[in-house]
Amino acid sequence: MSTTNGPHGIELNMAMDLVRVTEAAAIGGARLVGMGDKESIDQSAVDAMRLTLDSISMDGVVVIGEGEKDEAPMLYIGERVGAGSPPQVDIAVDPIDGTTLLSKGLPGAISAIALSGRGTMNVPKHVVYMNKIAVGADARDAIDINAPVDVNIKNVADAKGRKAETMTVVVLDRPRHEQLVESVRAAGARIRLITDGDVAAGIQAALPGSGVDMLMGIGGVSEGVLAASAIRSLGGEIQCKAWPRDSRERTAAETAGVDVEKVYCAEELVGGEDVYFAATGASSGDLLKGVKLAADGASTQSLVMCNRSGTVRWIDSFCNLAGSRQGIYRSSG
């Protein structure tokens with residue numbers, strides 16, 4: 001994907017195009033907040049995201065999508081999106097990361113998308129989950145997913161010039177993480193359990209001043225790729241390994257040529273220099289404010305990043321649902 005002809009203009013245009021996509025999906029899902037219907041929330045967000053994607057000047061292929069995992073009829077792996085013109089790009093999407101949260105009216109649901117040059121997204125296909133560890137720029141060289149939990153916590157704390165007792169580790173609240181939680185606490189660190197939404201948690205682990213020092217544990221492959229796209233722009237690091245759920249999934253993956261012992265770093269998951277990430281809050285959480293619906297439109301807060309420039313922008317917008325749109329920008333580099 002070339003940005004040689006006016007890179008900053010192209011960067012801003014692509015960034016704003018992606019924000020339009022996540023805004024549309026977040027608003028689509030938020031219309032059904034608290035209604036207890038995960039499937040309808042997901043379908044509404046998928047429909048809105050797909051419609052907006054097709055208005056963008058690009059030739060996109062969905063590499064990480066909804067269809068295989070959630071049996072969604074759109075945004076499946078291999079689907080072509082965009083208006084069909086250059087640039088040729090890979091796309092990873094999660095129309096709503098945290099559909100359960102949104103269906104229950106709980107905080108922390110977001111809509112997320114990542115984009116990079118064609119052929120640059122490399123994921124361990126044929127598995128649904130990956131084991132992950134993510135940190136910010138100050139500890140990017142201090143992690144080893146194959147090392148014991150206490151060693152990783154000590155090394156990250158040392159890299160940050162702190163003690164383990166001051167560290168906060170985010171972990172998905174799942175039965176499979178009982179031993180991990182015990183190990184983190186035994187190492188002296190604090191735990192922040194989350195019920196869903198490890199894309200946002202991965203970003204927070206790499207975002208200075210977030211109050212989160214590390215993400216650890218097993219989560220979705222798609223969420224890992226999306227988090228990696230953002231983490232690259234933040235200068236942090238994520239390491240992931242395929243985590244087959246059972247012997248059947250392991251055998252299927254190995255038969256398909258997947259090395260389940262391979263450790264993927266952020267740049268292996270999403271390569272190249274032209275990597276973009278955007279997310280919009282669907283329900284308010286620690287990372288982003290959620291959609292606020294009104295009679296004449298909706299207010300949103302989004303986050304958009306570009307790896308090439310290292311730019312990170314927070315965008316507050318009011319979307320007139322009759323058609324017009326205006327945004328207020330707050331940027332940080």
Side-chain angles (χ1 to χ4, degrees), residues 38-39 42 61-73 75-79 90 92-94 96-100 112 114 119 121-134 143-153 169-187 191 193-199 201-202 205 214-229 231 237-271:
K38 288 175 51 180
E39 289 72 22
D42 197 46
V61 174
V62 177
V63 176
I64 292 292
E66 285 287 282
E68 285 71 13
K69 185 177 72 172
D70 296 327
E71 299 182 359
L75 297 178
Y76 54 84
I77 293 175
E79 184 173 359
D90 286 349
V93 299
D94 198 336
I96 298 292
D97 181 29
T99 52
T100 298
M121 287 188 181
N122 177 33
V123 298
K125 296 180 180 178
H126 303 92
V127 293
V128 174
Y129 293 108
M130 293 192 296
N131 193 18
K132 311 170 191 177
I133 181 171
I143 56 173
D144 178 0
I145 199 168
N146 290 320
V149 170
D150 60 335
V151 172
N152 274 303
I153 290 174
V169 182
V170 170
V171 179
L172 278 169
D173 190 3
R174 300 288 188 272
R176 62 178 177 263
H177 287 149
E178 288 180 2
Q179 183 58 57
L180 171 60
V181 169
E182 289 181 9
S183 297
V184 171
R185 288 172 174 160
I191 286 279
L193 290 172
I194 56 173
T195 57
D196 292 279
D198 67 340
V199 174
M214 303 174 70
L215 167 76
M216 300 183 80
I218 296 154
V221 169
S222 59
E223 289 83 355
V225 174
L226 285 160
S229 302
I231 287 169
E237 184 59 281
I238 185 170
Q239 292 182 3
C240 303
K241 284 179 66 175
W243 190 79
R245 291 171 291 180
D246 51 38
S247 58
R248 180 179 297 179
E249 188 171 89
R250 173 180 287 271
T251 299
E254 291 175 340
T255 300
V258 175
D259 180 359
V260 296
E261 297 302 321
K262 176 179 173 60
V263 176
Y264 294 81
C265 66
E267 195 164 351
E268 288 176 303
L269 290 167
V270 187

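Here the structure is a predicted model, which means the values were calculated and not measured.
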- Message: If you apply the rule side chain to side chain contact (heavy atoms under 4.5 Å, CB included), what do you find for Val221 with Ile64, and how did you get there?
- Response: CA-CA 8 Å; Val221 169; Ile64 292 292; 4.2 Å; yes
- Task: Please confirm whether the backbone N or O of Val63 pairs with a side-chain atom of Asp90, one donor and one acceptor, at under 3.5 Å?
- Result: no
- Task: Please answer whether the main-chain N or O of Trp243 pairs with a side-chain N or O of Arg250 as donor and acceptor at a distance below 3.5 Å.
- Result: no
- Message: Looking at every heavy atom in both Leu75 and Val62, which two are closest together, and how far apart are they?
- Response: O-CG1, 3.9 Å
- Residue set satisfying side-chain contact (heavy atoms from CB on, under 4.5 Å) with Ala147, at least two apart, ordered chain then number -> Asp144, Val151, Asn152
- Query: For the atom pair CG (Asp196) and CG (Leu172), what is the distance rounded to the nearest 0.5 Å?
  - Reply: 7.0 Å
- Nearest 0.5 Å, what's the CE-CD1 distance between Met130 and Ile238? 6.5 Å
- Query: If only atom types and distance count, is the side chain of Glu237 paired as donor or acceptor with the main-chain N or O of Ile143 below 3.5 Å?
  - Reply: no
- Note on the structure: Val270 and Ala228 have their tightest heavy-atom pair at CG2-CB, 4.4 Å
- Message: Can you tell me how far apart CG (Asp150) and CZ (Arg185) are? Round to the nearest 0.5 Å.
- Response: 16.0 Å
- Query: Mind checking whether Val171 and Leu180 have side chains closer than 4.5 Å, heavy atoms only?
  - Reply: yes
- Mind listing the closest non-hydrogen atom pair of Val263 and Glu268 along with its distance? O-OE1, 3.2 Å
- Quick one: does Arg174's side chain get under 4.5 Å of Ile218's, heavy atoms only? no
- Measure the CG-NE2 distance between Leu193 and His177 for me, rounded to the nearest 0.5 Å. 10.0 Å
- Note on the structure: Between Ala134 and Ile231 the two heavy atoms that sit nearest each other are CB-CD1, 3.9 Å
- Would you say the side-chain atoms of Glu249 pair up with the backbone N or O of Asp246, donor to acceptor, closer than 3.5 Å? no
- In Å, rounded to the nearest 0.5 Å, how long is the span from CG of Asn131 to CD of Gln239? 10.5 Å
Side-chain polar contacts of residues 251-260 - donor-acceptor pairs under 3.5 angstrom, sequence neighbours left out - could you list them?
from, atom 1, to, atom 2, distance (Å)
Thr251, OG1, Ser247, O, 2.9
Thr255, OG1, Thr251, O, 2.7
Asp259, OD1, Glu261, N, 3.0

- Query: Going through the distances and angles, do Tyr129 and Arg176 end up as a side chain to side chain contact (heavy atoms under 4.5 Å, CB included)?
  - Reply: CA-CA 12 Å; Tyr129 293 108; Arg176 62 178 177 263; 4.0 Å; yes
- Message: Less than 4.5 Å apart, side chain to side chain, heavy atoms only: is that true for Lys241 and Asn146?
- Response: yes
- Are the side chain of Asp198 and the backbone N or O of Ala201 linked by a donor-acceptor pair below 3.5 Å? no
- Message: Can you give me the closest heavy-atom contact between Leu269 and Pro124, atom names plus distance?
- Response: CD2-CD, 4.5 Å
- Query: Under the 3.5 angstrom rule, does the side chain of Lys132 hit a backbone N or O of Gly220 as a donor-acceptor pair?
  - Reply: yes
- Task: Over all heavy atoms of both residues, which pair between Leu226 and Ala92 is shortest? Give the atoms and the distance, please.
- Result: CD2-O, 3.5 Å
- Rounding to 0.5 Å, atoms CD1 (Ile153) and OG (Ser183) come to a distance of 8.0 Å
